[in-house]
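By convention in this document, chain letters (A, B, ...) are assigned in the order of the sequence lines, proteins followed by strands, and residues within each chain are numbered from 1.
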Amino acid sequence: MSAIDLWLGRHRDTAADLPGADLPWLARLREDAIDRFADEGWPTTRRENWRHTSLAFMAQQALAVREAAAPEAVVAALRARYQAARGAAQDAAQQGAESAPELVHNDGHWVVFVDGHFAPALSAIGGLPGGVRIGSLADALGQIPEAVEAAFGQAGDGEAPAALNAALAADGAWIRLGRGVAVEPPIHLVFIGATVADQHLRNLVVAEAGAQATIVEHYPAGAAGSTLTTAVTRVIAAQDSHVTHLKLQQEAPEAIHLATIEAEQARGAVFASHSLSFGARLARNDIRTRLAGEGAEALLNGLYHADGRRHVDHHTRIDHARPQGTSREFYRGLLDGSARGVFTGRILVAQDAQRTDAMQRCDNLLLSRLAEADARPELEIYADDVKCAHGATVGQLDEDALFYLRSRGVDAVHARQLLTYAFAAEVLERIAHAPLRALGRAALLERLPEGARLEELL
Amino acid sequence: MLKINNLHAAIDGKDILKGLDLEVADGEVHAIMGPNGSGKSTLAQVLAGRETFTVTDGSVDWDGTDLLALPAEERARAGLFLAFQYPVEIPGVSNAYFLKAAVNAVRRHRGLPEYDAMDFLARVKAEMKAVGMKEEFLYRSVNEGFSGGEKKRNEVLQMALLEPRLAVLDETDSGLDIDALKIVAEGVNRLRSPERSMIVITHYQRLLDYIVPDKVHVLSQGRIVRSGGRELALELEEHGYGWIDAAQGGKAGGASAGARP
């Protein structure tokens with residue numbers, strides 16, 4: 001059972017042994033966080049931010065691993081897929097369809113976590129420029145606790161699952177990018193639930209002024225069974241830094257995935273979030289960025305696919321706190337079976353945030369009559385000199401386009417898959433890094449029944 | 001040989017084709033002319049297999065095959081091609097992918113080996129040159145942002161690549177200036193052959209100056225009301241469609257011999 005008492009007991013039993021337990025600020029924060037979780041409980045639809053996604057079932061949900069996963073094999077498969085994606089990106093660049101070959105020379109850095117703990121034997125962190133640290137949060141807590149404290153966040157941040165995460169997370173990634181340093185190859189963070197029924201990760205990214213990096217969070221399918229992942233990723237982007245975050249969520253079909261991604265952008269900082277949510281029985285992503293300095297730029301880009309009775313929810317919020325910020329938000333959903341997709345896009349423009357330029361779109365494709373999509377824009381604007389636009393659609397495949405394809409000899413199934421792929425691929429086009437874009441494509445094609453056939457031709 | 005016999009078709013309960021008869025022999029080019037709303041595009045769509053139209057009576061026999069029994073994709077593979085009046089834009093699908101998927105689907109059906117990437121590119125580039133399309137159109141999304149003329153050239157390109165036995169050109173001249181019209185017509189003429197029949201649907205005689213038909217039919221209120229040689233098109237040009245409609249007005253049945261005003 002996953003009742004609240006279970007988690008309170010877990011906290012009581014493990015708090016003293018968690019990394020950083022001897023740090024008073026952290027012990028206090030964990031206490032406050034579990035108290036908050038006990039107080040709020042699993043969110044239900046009575047809460048405004050959870051209107052379409054209830055976690056009430058969690059109180060009765062038994063979490064159990066039915067079949068453990070072999071983390072070595074999962075990592076090897078993932079890296080092989082990335083190699084293939086790099087190859088595909090290279091081919092595309094050579095064929096001249098791409099503008100310039102970019103960043104395909106290196107496999108990147110791989111930081112692997114198994115069952116919620118750093119797994120150095122499975123990780124491969126290459127040579128790093130001076131001023132860059134990539135490692136585990138547990139180690140950082142031992143070595144540089146003050147730096148961690150500044151980035152850790154508070155017990156009151158985010159929604160109730162984020163509080164549970166704050167109380168229980170033992171590890172995660174610690175990434176610090178020194179002033180003006182660019183880490184070119186992507187930093188891959190891999191989280192595998194192999195033998196335990198629940199894992200809790202907290203990732204902290206601190207980008208100093210002018211630093212640049214691309215960080216990828218992989219949640220591949222691990223153990224089979226009703227499992228729970230909570231993840232909180234915090235990005236602190238100092239002046240003029242560029243941080244690109246890509247999340248590829250492909251958890252096993254019975255998994256529950258509750259995640260928060262929070263960024264804070266200083267003046268001129270550029271933050272891009274790409275959320276590709278393909279797996280899990282229930283996936284909720286709370287993605288929030290705060291444009292806390294003038295002229296910051298944010299891109300929130302997302303693609304989700306759910307079928308069967310699966311449920312996926314992206315709850316996003318962009319705070320324009322200072323003038324001349326730009327935000328672009330594009331989400332697309334593919335919903336099949338009796339799946340449900342939820343998108344909320346809150347944009348808050350503070351009185352001080354003059355000359356804000358914000359645009360938001362959410363488009364959903366319903367692939368079956370029982371699938372359902374909810375798209376909810378929420379714009380709150382207190383400044384008077386702003387450009388804000390939003391739009392949401394829920395629709396089906398274009399019958400004219402289907403007939404056009406069939407009239408050229410393409411069978412109906414292939415035509416549907418092709419149009420579905422094309423609808424979704426537009427989101428992937430915004431991923432600037434070619435190999436990651438190719439990885440996203442491959443992950444999308446895996447989701448489509450005739451994906452392999454499309455791949456031959458793409 | 002295509003034999004359309006007493007074809008009736010309806011959409012949303014409204015009868016559009018009301019007993020259409022037409023025979024097109026191999027290698028012949030037939031023009032079908034008629035006023036707006038006479039059923040020209042419906043005929044094209046029904047032949048291509050659009051399910052939004054319901055065939056309520058009649059038959060279409062194509063070299064011994066019951067055409068109406070085949071789904072759209074099988075008609076295409078068997079060699080039927082419809083050049084759309086309004087080619088559809090498909091964002092996110094590159095023209096190259098689209099053309100290759102179509103060509104290979106048809107080749108597979110005909111027992112021909114599928115093209116590999118290199119052979120296909122060589123073939124498609126040669127055909128593009130012939131219809132005056134720049135190579136960049138290969139890498140753009142299907143018809144997206146194409147001008148009217150570019151869309152129609154893309155239709156002719158597809159026709160050239162798919163090598164149909166029967167091509168139906170639905171108002172391929174609409175929206176084209178005279179230069180574009182000539183290029184498209186040249187593309188079509190190049191594809192005329194003893195094995196390939198064509199049905200050229202048009203509102204205006206102008207196209208037939210460039211694609212010279214073997215026979216001309218006048219469609220009115222869902223049936224062929226007059227057939228003749230090329231000179232019939234010129235008559236229509238001179239007198240308009242008014243007299244056809246007037247002649248049809250009071251009649252319940254029977255192909256009109258065409259009372260002239």
Heavy-atom proximity to chain A below 4.5 Å, by part of B:Tyr86: neither

More than 12 heavy atoms from other groups under 6.0 Å of CG on B:Asp116: yes

Portion of B:Glu155 that has a non-hydrogen atom of chain A nearer than 4.5 angstrom: side chain

Chain B contact via A:Ala424 - which portion, at a heavy-atom distance below 4.5 Å: neither

Nearest non-hydrogen partners of A:Gly409 and B:Ala76, listed with the distance: N-CB, 3.3 Å

Greatest number of heavy atom pairs closer than 4.5 Å to chain A - which of B:Leu80, B:Thr52, B:Val106, B:Val93: B:Val93

Minimum heavy-atom distance B:Gln45-A:Phe403, with the two atoms named: OE1-CE2, 3.9 Å

Close side-chain approach of B:Leu161 and A:Arg408, heavy atoms under 4.5 Å: no

Closest-packed option against chain A by number of heavy-atom pairs under 4.5 Å, given B:Glu89, B:Glu51, B:His109, B:Arg75: B:Glu51

Which portion of A:Ala425 sits near chain B, non-hydrogen atoms under 4.5 angstrom: neither

Test item: A:Tyr404 and B:Val142 side chains (from C-beta on) under 4.5 Å apart, heavy atoms: yes

Residue of the set A:Leu405, A:Val413, A:Val410, A:Asp411 for which side chain to side chain contact (heavy atoms under 4.5 Å, CB included) holds with B:Glu73: A:Asp411

SB check A:Arg406 B:Glu74 (cutoff 4.0 Å): no

B:His8 atom NE2: more than 12 heavy-atom contacts under 6.0 Å: yes

Over all atoms of both residues, closest heavy-atom pair of B:Pro91 and A:Ala422: O-CB, 3.5 Å

Crowding at CZ, A:Arg369 (>12 non-hydrogen neighbours, <6.0 Å): no

Atom pair OH/CG of B:Tyr97 and A:Leu418 - distance to nearest 0.5 Å: 4.5 Å

Neighbour count above 12 (heavy atom, 6.0 Å) for A:Gln83 CD: yes

Interchain contact, B:Pro164 with chain A, by part (heavy-atom threshold 4.5 Å): neither

Within-4.5 Å side-chain heavy-atom neighbours: B:Val88 and A:Asp398: yes

